[in-house]
Amino acid sequence: MAMNAEGGSIAFDAGEARIDWAVAQASKSGCTACGDGYLLRRDGSRLLVALADGVGSGPQARDAASACLEELAAGAVRGVAELFEAAHGRLLGTRGAALAVALIDPDQEVVEWAALGDVEGIICQMQPGSAESSAIMQKGGTLGVHFPGVFCQSQKFPRQHVLIFASDGVSRQFRNALPRAQVPPQEWAASCLDEYGREHDDRTILIAAHCGREG
């Protein structure tokens with residue numbers, strides 16, 4: 001399956017913040033259905049960003065990821081832990097999914113995030129020469145099958161920082177190619193998936209960059 005790539009920009013009226021985002025995605029070689037899915041949802045001053053990875057591949061994996069994201073899209077946006085609990089309830093009886101969620105408040109420059117299962121999350125600074133980065137604390141489990149809770153983290157997310165989610169179809173070596181300068185998010189996401197994506201698995205990389213209005 002060919003790579004799908006898209007992106008956009010979301011302005012926040014209360015301040016001068018802007019989130020530029022992009023996603024690059026491809027299904028397992030020989031499959032037409034992709035078992036990964038993503039969501040960006042504006043909720044007042046916050047932006048909900050999520051990446052779901054249905055267990056296995058094919059239509060059943062796609063259906064599990066889609067059900068998970070439909071729950072996050074339709075339900076009330078409370079805390080991150082409550083979002084995971086709601087998604088787990090929705091996925092009972094399915095093959096299940098891994099999930100990463102971030103609630104970004106650009107004007108307050110903070111993010112709350114968590115992951116369950118094999119979904120990577122990284123925050124880094126877009127500054128040439130910077131080595132600063134933070135990794136999400138993953139917890140083992142599968143939504144809809146085994147939900148032991150999540151480790152919710154809250155940390156600073158200033159301008160010129162990016163948040164990246166990657167499914168397990170992307171090699172962890174992508175951490176060696178984090179964006180360290182102002183590059184178009186779509187360009188970086190497509191290049192990263194092409195370099196580090198594994199053809200034997202569904203694969204998705206999502207980037208959200210915190211920019212000023214003029215940035």
Side-chain angles (χ1 to χ4, degrees), residues 1 4 6 21 23-44 46-104 111-122 135-154 163-172 189 193 197-198 200-208:
M1 179 180 177
N4 292 320
E6 60 180 323
W21 64 274
V23 172
Q25 184 176 70
S27 63
K28 178 180 177 180
S29 179
C31 293
T32 56
C34 182
D36 295 346
Y38 67 92
L39 172 71
L40 290 99
R41 177 186 175 188
R42 174 83 178 268
D43 180 67
R46 299 184 299 177
L47 179 67
L48 167 61
V49 181
L51 174 59
D53 181 354
V55 173
S57 58
Q60 288 183 294
R62 177 198 58 198
D63 293 347
S66 296
C68 179
L69 297 174
E70 286 170 4
E71 180 65 32
L72 299 185
V77 178
R78 298 181 290 269
V80 168
E82 289 81 3
L83 292 170
F84 275 87
E85 291 171 2
H88 173 64
R90 175 66 178 271
L91 290 182
L92 292 173
T94 72
R95 62 168 50 182
L99 176 67
V101 170
L103 275 176
I104 300 172
V111 60
E112 183 183 11
W113 63 342
L116 183 81
D118 204 3
V119 181
E120 288 275 332
I122 295 284
I136 201 167
M137 292 180 66
Q138 298 166 281
K139 194 161 187 176
T142 303
L143 287 176
V145 179
H146 174 58
F147 177 50
V150 289
F151 296 120
C152 294
Q153 303 164 264
S154 182
L163 179 149
I164 300 164
F165 283 158
S167 68
D168 64 356
V170 179
S171 166
R172 292 184 176 180
L193 194 75
R198 300 179 172 118
H200 65 271
D201 201 355
D202 301 320
R203 50 208 185 271
T204 300
I205 192 149
L206 184 159
I207 176 172

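Side-chain contact between D53 and D118 is absent, with no heavy atoms from C-beta onward closer than 4.5 Å. With contacts defined as side-chain heavy-atom distances shorter than 4.5 Å, the pair L163/I207 does not qualify. A 4.5 Å side-chain heavy-atom check between L206 and I164 finds every atom pair outside the cut-off. Using a 4.5 Å cut-off on side-chain heavy atoms (C-beta onward), L51 and I205 make no contact. Looking at heavy atoms from C-beta onward, Q138 lies in side-chain contact with E120 at the 4.5 angstrom threshold. Here the side chains of C34 and R62 are not in contact, with every heavy-atom distance at 4.5 Å or above. A 4.5 Å side-chain heavy-atom check between D168 and D201 finds at least one atom pair inside the cut-off. Side chains of E6 and W21 form a contact here, defined as non-hydrogen atoms less than 4.5 Å apart.
Using a 4.0 Å cut-off between charged nitrogen and carboxylate oxygen, D43 and R46 count as a salt-bridge pair.
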Run L48 and L83 through side-chain contact (heavy atoms from CB on, under 4.5 Å) and show every step you take. CA-CA 10 Å; L48 167 61; L83 292 170; 3.9 Å; yes
Start with the C-alpha gap between S29 and H200, add the side-chain angles, then the distance that decides, and say whether side-chain contact (heavy atoms from CB on, under 4.5 Å) holds. CA-CA 6 Å; S29 179; H200 65 271; over 6 Å; no
Take D202 and S27 through the test side-chain hydrogen bond (donor to acceptor under 3.5 Å, both in side chains) and record every step on the way to the result. CA-CA 4 Å; D202 301 320; S27 63; 4.8 Å; no
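A pairwise comparison of heavy atoms in C68 and L143 identifies SG-CD1, 4.2 Å as the closest pair. Across all non-hydrogen atoms, the minimal contact from G141 to P148 is CA-CD, 4.3 Å. When all heavy atoms of A73 and L39 are compared, the pair lying nearest together is N-CD2, 3.8 Å. Counting all heavy atoms, side chain and backbone alike, V119 lies closest to I136 at O-CG2, 4.3 Å. Closest of all the heavy-atom pairs between G96 and A64 is O-CB, 3.5 Å. The minimum heavy-atom distance between A33 and P59, with the atom names listed, is CB-N, 3.9 Å.
Each of T204, N4, D36 was compared with V23 under the side chain to side chain contact (heavy atoms under 4.5 Å, CB included) criterion, and only T204 meets it.
Between atom CD of residue E70 and atom CG of residue L91 there is a gap of 10.0 Å, rounded to the nearest 0.5 Å. Between the CG atom in L193 and the CZ atom in R203 there is a gap of 6.0 Å [rounded to 0.5 Å]. Note: S66 OG to R90 CZ = 9.5 Å, rounded to the nearest 0.5 Å. Between C152 atom SG and K139 atom NZ the span is 9.5 Å, to the nearest 0.5 Å. With values rounded to the nearest 0.5 angstrom, T142 atom OG1 is found 11.5 Å from R95 atom CZ. Atom CD of residue E112 and atom CG of residue L103 lie 6.0 Å apart, to the nearest 0.5 angstrom.
The aromatic rings of W113 and F165 lie parallel to each other, their planes meeting at an angle below 30°, with 60° marking the opposite boundary.
Between the Q153 side chain and the M137 main chain, a donor and an acceptor come within less than 3.5 Å of each other. With H88 contributing its side chain and G144 its backbone, the two residues share a donor-acceptor pair below 3.5 Å.
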